[in-house]
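Written below as structure tokens is the structure these notes are about.
Proteins come first, then strands; the chains are lettered A, B, ... in the order of their sequence lines, and each starts at number 1.
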There are 2 protein chains.
Amino acid sequence: MAERPKLSYVVREGDRPNEVSVLLAGFAQRQKHTSEGTRQIMAFSLPGDPLDFECLFLDEADFSVQMAVTGMIACVRTEAIKSLLHDRRELGQAIERTLLADASVAREWVVNVGRRDARRRVAHLLCELLVRAKAQQIETSLFELPFTQEQLADATGLTPIHINRILRQLTTDGAIRRSGRMITVPDWERLREIADFDERFLHMKRAS
Amino acid sequence: MAERPKLSYVVREGDRPNEVSVLLAGFAQRQKHTSEGTRQIMAFSLPGDPLDFECLFLDEADFSVQMAVTGMIACVRTEAIKSLLHDRRELGQAIERTLLADASVAREWVVNVGRRDARRRVAHLLCELLVRAKAQQIETSLFELPFTQEQLADATGLTPIHINRILRQLTTDGAIRRSGRMITVPDWERLREIADFDERFLHMKRAS
DNA sequence: CGGCCATTTGACGCCTTTCAAAAGGTGTGG
DNA sequence: CCACACCTTTTGAAAGGCGTCAAATGGCCG
């Protein structure tokens, strides 16, 4: 249970942490850097999401986790979780499902950056964030994006300049409305159609 | 233990299979289709790889598996594996590690298609395939690619035409040599450098 | 040998990047 | 409360990487 300032790293690629964490408040991002220094974000974490549970089973972290805004995380010693896993099998199943759902999202991101143009790509990311935020009861149709356009660029494999142009285009097309970083979706079906979005890849439970 | 013809599907997106399979011979690919019909491959499977074990824990498959060439797979009823998992904890850990290594590869693919240009992207894919093939003792520096240029394109988010140009460029640069689909790597370090390749994301065991 | 598919090559166009700079916002210190 | 510094957003112009279109070549199998 510790406050984490904006931009602080929770895990760095190559770490072998002896504790894992859950995001309680704020937003975080999973990312990697290429040797040239460019960054690729491969997931945004919302409150309630585990941040680095794969470290429970893999030797070293293959990605970094950085806070996107100031937030709060809960840390648990890996020993504690492992002994819990030893006692309660259903907990292991739950973690397993979460990790594999994360993996499914990563696969969808491969599709997103590999086969969708900038417009669909951004719309798809917005859809994912909206659906996940709704599932966490964060808010509904209007949605405060805590991310800068540079972060959105690194998440979609685009440049911040182009993100800006795409957001403007989506706005003039009526698919979204913006004021500051607040984004409203007046026509959800419209955005979903633009994005080619099918939320099954999120593997969310209906009513758990 | 069944032979599978080229292009046959092992799993389709949305399936809820009651058996899972391991690739014994040949090559397979994991893929998704967008609503426009374009395809994105997100993993190539080599002999020895489990093809769809995530179905053990998730409700429905979020990707399809298709044979890239005629090959052989072994099918196991999910019930059988689950009861095995119940008895032998170390088996569960092994499967867990495999699944999470797959997830790590998917994340690296996000980086690949998101932040590397065509030349690095293709080189990175070749590096991954070579390292994994070597680990399976398939062959060493020379490597028969069973994949068409169209498949390589769908794996890298490019077009087959551009794959062709990149392969030619890598050839004239001396990074690879080709005859037919056989690819030789005369200078491994060279290709690795071009690719910005660091094999840690594969999470392979040193000597298991 | 003929049909079909994969590979190869060229010309052209466009989506996205790069480069550059202005404008808007925000926090800190005087 | 203002001023300054810094970051983010916005806009424009030009370049380039990759896609699209089209067609020729090559290889495999019946």
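A salt bridge between A:Asp52 and A:Arg30 is absent, with no side-chain N of the basic residue lying under 4.0 Å from a carboxylate O of the acidic one. Remark: B:Arg192 engages B:Glu189 in a salt bridge, criterion side-chain N to carboxylate O under 4.0 Å. Note on A:Arg107 versus B:Glu54: salt bridge recorded, some NZ/NE/NH1/NH2 to OD/OE distance being below 4.0 Å.
Of the residues in residues 146-161 of chain A, those placing a heavy atom less than 4.0 Å from an atom of DNA chain C are A:Gly157, A:Leu158, A:Thr159, A:Ile161, in numerical order. Shown for residues 106-125 of chain A: residues whose heavy atoms fall under 4.0 angstrom of DNA chain C, namely A:Asp117, A:Ala118.
Taking 3.5 Å as the limit, the base of D:dT20 and the side chain of B:Arg165 contain a donor-acceptor pair of atoms between them.
The NE2-P distance, from B:His162 to C:dC12, rounds to 19 Å in whole Å. Residue B:Ile166 contributes atom CD1, which lies 13 Å from atom C1' of D:dG19 at whole-angstrom precision. As a whole-Å value, the separation of A:Glu36 CD from C:dT18 C1' is 14 Å. Distance, A:Leu170 CG to D:dT9 P: 16 Å, rounded to whole Å. Between the CD1 atom of A:Ile163 and the P atom of D:dT10 there is a distance of 12 Å, rounded to whole Å. Distance, A:Arg181 CZ to D:dT10 P: 10 Å, rounded to whole Å.
Crowding of A:Glu193 atom CD: a count of heavy atoms from other residues, nucleotides or ligands under 6.0 Å not exceeding 12. More than 12 heavy atoms of other residues, nucleotides or ligands lie within 6.0 Å of CZ in A:Arg178, so this atom counts as buried by the packing criterion.
Judged by distance alone, the side chain of B:Gln40 and the main-chain N or O of B:Asp154 form a donor-acceptor pair under 3.5 Å. A donor-acceptor distance shorter than 3.5 angstrom exists from the side chain of B:Thr78 to the backbone of B:Asn18, with no hydrogens or angles considered. Under the 3.5 Å distance criterion, the side-chain polar atoms of A:Asp117 are matched with a main-chain donor or acceptor of A:Arg120.
In this structure, A:Asn164 reaches the D:dT10 phosphate: one of its side-chain N or O atoms is under 4.0 Å from OP1 or OP2.
Residue B:Asp196 forms a salt bridge (charged side-chain N to carboxylate O under 4.0 Å, His left out) with just one option from B:Arg116, B:Arg121, B:Arg119, and that option is B:Arg116.
Listed nucleotides: C:dT8, C:dT7, D:dG19. Nearest to the side chain of B:Arg178: C:dT8.
Residue A:Arg168 is classed as a sugar-phosphate contact, given heavy-atom separations below 4.0 Å to backbone atoms only.
An angle of 40°, rounded to 10°, separates the two end axes of the helix from C:dC1-D:dG30 to C:dG30-D:dC1, each defined over five pairs.
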Q: Apply the test side-chain contact (heavy atoms from CB on, under 4.5 Å) to residues B:Arg39 and B:Gln151: give CA-CA distance (whole Å), side-chain angles for both, the deciding distance (0.1 Å), then the verdict.
A: CA-CA 9 Å; B:Arg39 178 177 67 175; B:Gln151 284 171 309; 3.8 Å; yes

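Aromatic ring centres of B:Phe27 and B:Phe147: separated by under 6.0 Å.
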